[in-house]
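Taking it in order: structure first as structure tokens, then the write-up.
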Amino acid sequence: MRHRKRKKAARQTLAMSILVVGVLSALIVLACSQVFVVRDVMVVGNRNLLREEIVTQSGVQIGDNLLGISNQKLRQALEQNRYIQYQSYEFDYRGTLTLHIQERLGMAVFYDLGYYYVLDAQGMVLECAGSAYPAGVAGPKVTGLNLSPNSRVTVGEKLPVYDKGQLEAMEAVLAELESTNLLGRTSELSVKNTDNIYVLTAEGTKIELGDTGSLRTKLLIGREVLSVREEEGDLQGAKIDVSNGKNAHYIPAVLPTITPTPTTTPTPSPTPSDTL
């Protein structure tokens, strides 16, 4: 009799334990589902694209659970728009999901087989402008890029260059041109020889940079020389060599003509025989 009572009590205790665990689990799931609900979506890093456009592109909606969101899904969804480069996301206790992106901007132009293409700083092809030079691009035309054999330029993909070093050099120079406020003043960037990179300004001055070392210093020196020489009005066709990264060597388009200094014709001194 006592044995049966103990079994019955044990079953009741087990049943109660299962019930308690079940209730607690349900409460935990309910609490978590409320804690991880997306109540708002913010965007950081956009310049021209609207927040609403980026949120729609991400596929995230108010009421979604954070547990169903991942970096992989966000990257795949956002980067279907070639102007968006996904970086990361954050989620805070208020339920705000913040998307961190970098907006790809047209910073250079590339010409190939009769067509002009708009590039971002990393060499992503953003647009094909056709046979007319694209307006509204703040950066230079990039020359000297060698494309891989049997490749073609495709919008939404990086330029298929044969030498990746050329693309890396282009990216480095474009970044420093922007940081030194010279991007809009540059008409051409040549990376044909990555040890002898140069840019042409809108005024027609060639700034010889050499390699990609100390680019910011080189461009700051070049900018200072431009500022000084601009007042003299002799920038067209001039050269500024800043390749050593320490100082500038300025070569005007027309070298000054050296006027010979008149000198007195020497008169030979009389010899003793002449005085006799």
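Values below: every heavy atom of this structure, side chains too, minus hydrogens, waters and symmetry copies.
In the hydrophobic cluster analysis, where Ile, Leu, Val, Met, Phe, Trp and Tyr join through side-chain heavy atoms closer than 4.5 angstrom, Val118 is grouped apart from Leu174. Under the 4.5 Å side-chain heavy-atom criterion for Ile, Leu, Val, Met, Phe, Trp and Tyr, Leu99 and Val44 are members of distinct hydrophobic clusters. Val153 and Tyr115 fall within the same hydrophobic cluster, where Ile, Leu, Val, Met, Phe, Trp and Tyr residues are linked whenever their side-chain heavy atoms come under 4.5 Å apart, directly or through other members. Residues Val55 and Ile69 are members of one and the same hydrophobic cluster, defined by side-chain heavy-atom contacts under 4.5 angstrom among Ile, Leu, Val, Met, Phe, Trp and Tyr. Residues Tyr111 and Tyr198 do not share a hydrophobic cluster, clusters being chains of Ile/Leu/Val/Met/Phe/Trp/Tyr side chains in contact below 4.5 Å.
In this structure, Thr186 contributes its side chain and Pro140 its backbone to no donor-acceptor pair below 3.5 Å. Panel note: side chain Gln166, backbone Val191; a donor-acceptor pair is recorded below 3.5 Å. Although no hydrogens or angles enter the test, the distance criterion places no donor-acceptor pair under 3.5 Å between the side chain of Glu188 and the main chain of Thr143. With hydrogens and angles ignored, the 3.5 Å screen pairs a side-chain donor or acceptor of Ser187 with a backbone N or O of Leu200. Judged purely by atom type and a 3.5 angstrom limit, Ser227 has no side-chain atom pairing as donor or acceptor with the backbone of Arg223. Between the side chain of Gln57 and the backbone N or O of Ala77, at least one donor-acceptor pair lies under 3.5 Å. Between the side chain of Thr217 and the backbone N or O of Gly245, no donor-acceptor pair lies under 3.5 Å. Side chain of Glu103 to backbone of Arg47: a donor-acceptor contact under 3.5 angstrom is found.
Side-chain contact between Thr194 and Asp211: absent, with no pair of heavy atoms (C-beta onward) separated by less than 4.5 Å. The side-chain heavy atoms of Thr201 and Leu182, taken from C-beta on, include no pair separated by under 4.5 Å. Counting heavy atoms from C-beta outward, Val225 and Ile207 have side chains that stay 4.5 Å or more apart. Two residues are said to be in side-chain contact when any heavy atoms from C-beta on lie closer than 4.5 Å; Asn247 and Ile221 fail this criterion.
If you take CD on Glu176 and NZ on Lys218, they are separated by 11.0 Å, rounding to the nearest 0.5 Å. From Thr205, atom OG1 reaches atom CD1 of Ile251 across 12.0 Å, with rounding to the nearest 0.5 Å. To the nearest 0.5 Å, atoms CG (Asp195) and OG1 (Thr212) are separated by 8.5 Å. To the nearest 0.5 Å, the span separating NE2 on His100 from CE on Met42 amounts to 10.5 Å. For the atom pair Leu49 CG and Asn46 CG, the distance stands at 7.0 Å (nearest 0.5 Å). How far CG of Leu177 is from CG of Leu189: 7.0 Å, rounded to the nearest 0.5 Å.
Val228 belongs to no hydrophobic cluster with other residues, because no ILVMFWY side-chain heavy atom falls under 4.5 Å from its own, directly or through intermediates.
Sparse packing is recorded around CD of Gln72, with 12 or fewer heavy atoms of other residues, nucleotides or ligands lying under 6.0 Å away. Few gaps surround NZ on Lys206; more than 12 heavy atoms of other groups in view lie less than 6.0 Å from it.
Between Val199 and the choices Val173, Leu183, Ile240, the side chain to side chain contact (heavy atoms under 4.5 Å, CB included) rule is met once, by Val173. Screening Asp120, Leu159, Thr154 for a side chain to side chain contact (heavy atoms under 4.5 Å, CB included) with Val125, the sole residue that qualifies is Leu159.
Closest approach of Tyr89 to Ser70, counting heavy atoms only: CE2-C, 4.2 Å.
With salt bridges taken as basic N to acidic carboxylate O contacts below 4.0 Å, one links Arg185 and Glu230. A salt bridge does not link Lys192 with Asp163: none of the charged nitrogens is closer than 4.0 Å to a carboxylate oxygen. Taking a cutoff of 4.0 Å between a charged side-chain nitrogen and a carboxylate oxygen, Arg82 and Glu127 qualify as a salt bridge.
Relative ring orientation between Tyr116 and Tyr133 is described as perpendicular, the plane-to-plane angle rising above 60° on a 0-90° scale split at 30° and 60°.
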